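Report on the structure given below.
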Amino acid sequence: MNAAIMLFPGINRERDMAIALTRSFGRPPRMIWHREADLTGIDVVVIPGGFSYGDYLRCGAMAAHSPCMAAIRAHAVRGGYILGVCNGFQILTEAGLLPGALLRNANLRFIARDCCLRVERGDTVFTSHYQRGQVFRAPMAHGDGNYFADPATLDRLEGEGLVAFRYAPPVGNPNGSARDIAGILSPNLRVLGLMPHPEDLVDPLLGGEDGKPLFDSLAAA
Amino acid sequence: MTARTVDAALAREFGLAAGEYARVLAILGRTPTLAELGIFSVMWSEHCSYKSSRLWLRQLPTTAPWVIHGPGENAGVVDIGDGLAAVFKMESHNHPSFIEPYQGAATGVGGIMRDVFTMGARPIANLNALRFGDPAHPRTRHIVDGVVRGIGGYGNCVGVATVGGEVDFHPAYNGNPLVNAMTVGVARRDRIFLSAAAGVGNPVVYVGSKTGRDGIHGATMASAAFAGDSEAKRPTVQVGDPFTEKLLIEACLELMATDAIVAIQDMGAAGLTSSSVEMAGKGGVGIALDLDAVPQREAGMTAYEMMLSESQERMLMVLRPEREALARAIFAKWELDFSVIGRLTDSGRIVVRHRGRIEADIPLAPLADQAPLYRRPTAPPAPPPPLHRLPDPAGLAPALLRLLACPDLCARTWIWDQYDATVGGQTVKRPGAADAAVVRIEGHARALALTTDCTPRYCAADAAQGAAQAVAEAWRNLTAVGATPLALTDNLNFGNPERPEVMGQLVAAVTGMAAACRALDFPVVSGNVSLYNETDGRSVLPTPAIGGLGVMEDAAQAVGIALPAGHDLVLLGAATGHLGQSLWLREVAGQAAGWPPQVDLPAERRVGDFVRARIRAGGVAACHDVSDGGLLVAVAEMVLAGDVGAALLPGPDGLTPHGFWFGEEQARYVLAVGDGAALVAAALAAGVPARRLGTTGGGDLTLPDGATISLMTLRQAHERFLPDWLEQGREFQAQG
Amino acid sequence: MKATVTVMLRPGVLDPQGRAIAQALHALGFTGVAEVRAGKVIELDLDEADPTRARAQAEEMARRLLANTVIESFRVEIG
Amino acid sequence: MKATVTVMLRPGVLDPQGRAIAQALHALGFTGVAEVRAGKVIELDLDEADPTRARAQAEEMARRLLANTVIESFRVEIG
Ligand SMILES: Nc1ncnc2c1ncn2[C@@H]1O[C@H](COP(=O)(O)OP(=O)(O)O)[C@@H](O)[C@H]1O
Ligand SMILES: [Mg+2]
């Protein structure tokens, strides 16, 4: 697997993501500036967290409409893997690569703390190193992570097994997301978007390795 | 500002005293233009010239073998090993944060980050030292909410982890909160960028955001006392744009990897004026500016407005001429304005042209050398009311619960939870986990320890002791995680220096700081003075906030405050039962009396060096310094952080229980170790007072008088106040 | 020509901001406020003198970028 | 009675959001957009049948809560 991190102006967790990918892949990912979006040879495109274009207008909206999205869309159509974390998830929903939208957190505040995620399926390229039902910790840091989709879409996501992670006790659902959804998959299971940051918990010194299996899963695929 | 006649009256409106205006006339030999008057007034404002404090700041020790750049640059620079340097500074945004809490705090964070990356360092951590008014005051809630959102809004977006800080509440800050922001960056020690311009003919380049009419006379505003009509000063409010700041950081760091930059300086207070004057002045050259080339957001701006604008997210650089195209391309990539707005000259003057006219022509040397310097009258601060012997009105358990719940000691979780503390992927100790934040340096085992400290109620009672205590506490907090304290930055927040008693506080505080810095080998490498913090004649408490920085070679050695089960608790340092100016006295006995605890600097050093050596040797499972609230509060905080109970032994004979458990003597630490008796023996052998306090484990805190408090009860007491007050809109009820 | 695009959350999408504003207004004593909805307004200066074409342009901008039609609806005013 | 409060940054106050939207629109090929200003709109359902009194109420709410008059100005429409 060859990984690449997309760099939009205002993205700020690209270094965290590169560290996590390097740990699991044994080599650093390619860093791709949004104007030079040549994805040849790339298996998994990662859109990291941050505030692309300042999160002005709507989180992820401007990046989702930037020219390089064409290359990312083509990558998806080719059946390539895409991982969007936090702002990356917002960008994927704004671009229509994943359904729904991320609204303001229900408490109207930025929330930066650890949450607990339950793995809803352990048989995807992103989650094979987790067990289904396993609960793990991940830092979250966002103001707009309140997942919304209309009831029919939510039913379809659940029915087709496309919910990847849900917020779980003891922390519970911190931001008001519909049906506790923290991360979702595309129908072909090759696009994953999630709000929390497993890439910030891949080192015992920083509080644990709860996020590492996600990257190990990808590396092993 | 059309066609105002420049005269003594206008000069006074601009904040220049009569004697200062006379000096302007003498330097120029003519009446200044409006732009020139503006330049003199901001350069000679308290904020930029330090005219009331400069004389006294000279007492502070600023050198050490590890100090690379002390005060005088945009930020202080210290050697942290591995060929790396830490670059850090603290700065106030007090007045703007009162007028518009969100934007005031946000632009404060943005401004201090620019001081750090302008030197070539990538910012890796932010801290904030905050003082708010009485929670019962109607405006305080709005200010707290806005300031916290603003700090988070800016730092989270830029993607620099906010890892620490402090918060106090006191009615003295009702009309004048203090918002002191600190940024720490890391650079290669051989790649530090300075601001002294060089190379006659070299281009002077403006980069970043466009200039608008924001914040005109902000530096003067920061140099004047507030009256009730401060609403009238509102048009000077600036709006921060963290997205542009993020681009500016990346663009500057990309350019700094080349050899294009001769000198660089952020445009902070007094914008284009102070940056151009300081760069040329430090380099001993002249500078010619063409304002028509300044990127402008609004039409029809005058030279006066452009020179004084404090629009945010702008930098000024001097480039090697042959690298101009390369630099332009980098800024085009990041979609930032880039414009050559002038050249360096050999005239020793600043000459400003606009629309074909010379709007300012000032010799630089006298602008700097003849800046006013005052030895203002001082009056010795009044001694605090005496403390009489007190019986314990409450008992240990009720007093502990009350202290843990009070605004100055309650959990700050509601605040940190709005700050991204993990971005960057290097935060080893987050807020609340340890006495100092610990941030590893990417790609290295090495880490920085960071803290801010000040106890204003001590400073109000005894400014010299209080300031020494602030330095000692910062040093102690760095020590408590196992770091070697290296240097500090400070933010001296005081009232109106034209009042002798305020000047007396300032002088005493600087003296106390200097003594502590010297005794602890803890030099001052950068800082900021914020005066005129008063409203309607009432000053804030003297608040010399200290930002400390330490280093540890191996981040894995960092120790936090969380208790593990099955350990012994040991107190290191002397117990004398000092209750003067303690929180117990204020919150439980309802008094603010007595002298604050004395700072015994040799003891501070002896105990601290012993603690650090024990941590380095391994075997210290948790460590917490004893400060606000005393010993029992320190233990309770360790219990809560570890979610593990403890059972405590009685204190020594000869001290009252409340004196022992709530006294605030300095130079003390609580350690959790496997073998308490061995630690006590080793400490006593090293001349460090030591005493076993008890053992850890279980789900309760058991006090020596037999009282038992469940962790849940403790936690509820500790965590309730801020969320109740700020989210539920519950009014603050003073207890007791 | 000036165009104003007003973007509101669709009915059925929870509007916590509107609710918080309503609560704050009640707390301030404005008890006569029932529902509150919060939205965005974007004022555009268009290089287009014809109102019909200006409206068509602004609507296109709203559809493509200014509104997320999964959660938001918009209206355009010209002039 | 429905009242609509539109809150915009005062002229001269930096509007980073408006600028970013303008750039994004340009990148999408909408080159005929000059300035863009971004603001907020708050729709209030008022328990008040008289338009004059409704306007007065909404203006009072805007001054006290909905607009931050340090940096923002507002306008009220009724009906
Ligand atoms: N209290 C202080 N102690 C030590 N140095 C100080 C203090 N106050 C200011 N300085 C130093 O004086 C210089 C000018 O400070 P300042 O005007 O705040 O910087 P800036 O131009 O970045 O706003 C800086 O180098 C600063 O570190
Ligand atoms: Mg500076």
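Protein chains get the first letters and strands the later ones, always in sequence-line order, with residue 1 at the start of each. Source: prediction; values computed, not measured.
- When all heavy atoms of A:Leu206 and B:Gly425 are compared, the closest pair comes out as CD1-O, 2.9 Å.
- Taking the side-chain contact (heavy atoms from CB on, under 4.5 Å) definition, one finds that B:Ala105 meets it with B:Ser97, B:Val147, B:Ile151, B:Val179, sequence neighbours left out.
- When heavy atoms are compared at a cutoff of 4.5 Å, A:Leu7 does not approach chain B at all.
- Closest heavy-atom contact between B:Cys157 and A:Gly54: SG-CA, 4.3 Å.
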Pairs of donor and acceptor atoms, chain B with chain A, under 3.5 Å:
unit_1, atom_1, unit_2, atom_2, d
B:Asp145, OD1, A:Arg109, NH1, 2.9
B:Asp145, OD1, A:Arg109, NH2, 2.7
B:Arg149, NH1, A:Leu108, O, 3.1
B:Asn156, O, A:Asn12, ND2, 3.2
B:Cys157, O, A:Asn12, ND2, 3.0
B:Asp241, OD1, A:Tyr56, OH, 2.5
B:Glu335, OE2, A:Arg35, NH2, 2.3
B:Asp417, O, A:Ala112, N, 2.6
B:Gln418, OE1, A:Arg109, NH1, 3.2
B:Asp420, OD1, A:Arg13, NH2, 3.0
B:Asp420, OD2, A:Arg13, NH1, 2.7
B:Asp420, OD2, A:Arg13, NH2, 3.2
B:Thr422, OG1, A:Arg13, NH2, 3.0
B:Gly424, N, A:Asp16, OD1, 3.1
B:Gly424, N, A:Asp16, OD2, 2.7
B:Gly425, N, A:Asp16, OD2, 3.0
B:Arg430, NH1, A:Asp114, OD1, 2.9
B:Arg430, NH2, A:Asp114, OD1, 3.2
B:Arg430, NH2, A:Asp114, OD2, 3.4
B:Arg440, NH1, A:Asp203, OD2, 3.0
B:Arg440, NH2, A:Asp203, OD2, 3.1
B:Glu442, OE1, A:Arg15, NE, 3.3
B:Glu442, OE1, A:Arg15, NH2, 3.0
B:Glu727, OE2, A:Arg109, NE, 2.6

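- Neither the backbone nor the side chain of B:Val148 comes within contact range of chain A, judged by heavy atoms closer than 4.5 Å.
- By the side-chain contact (heavy atoms from CB on, under 4.5 Å) test, B:Ile124 pairs with B:Val186, B:Val439, B:Leu448, sequence neighbours left out.
- Contact detail for B:Leu247 and A:Gly10: the closest heavy-atom pair is CD2-N, 4.1 Å.
- Take A:Ala71 and apply the side-chain contact (heavy atoms from CB on, under 4.5 Å) test, not counting sequence neighbours, and it matches A:Ala37, A:Leu39.
- Contacts with chain B were tallied for A:Pro9, A:Pro139, A:Pro204, A:Gly50; A:Pro9 has the most, counting heavy-atom pairs under 4.5 Å.
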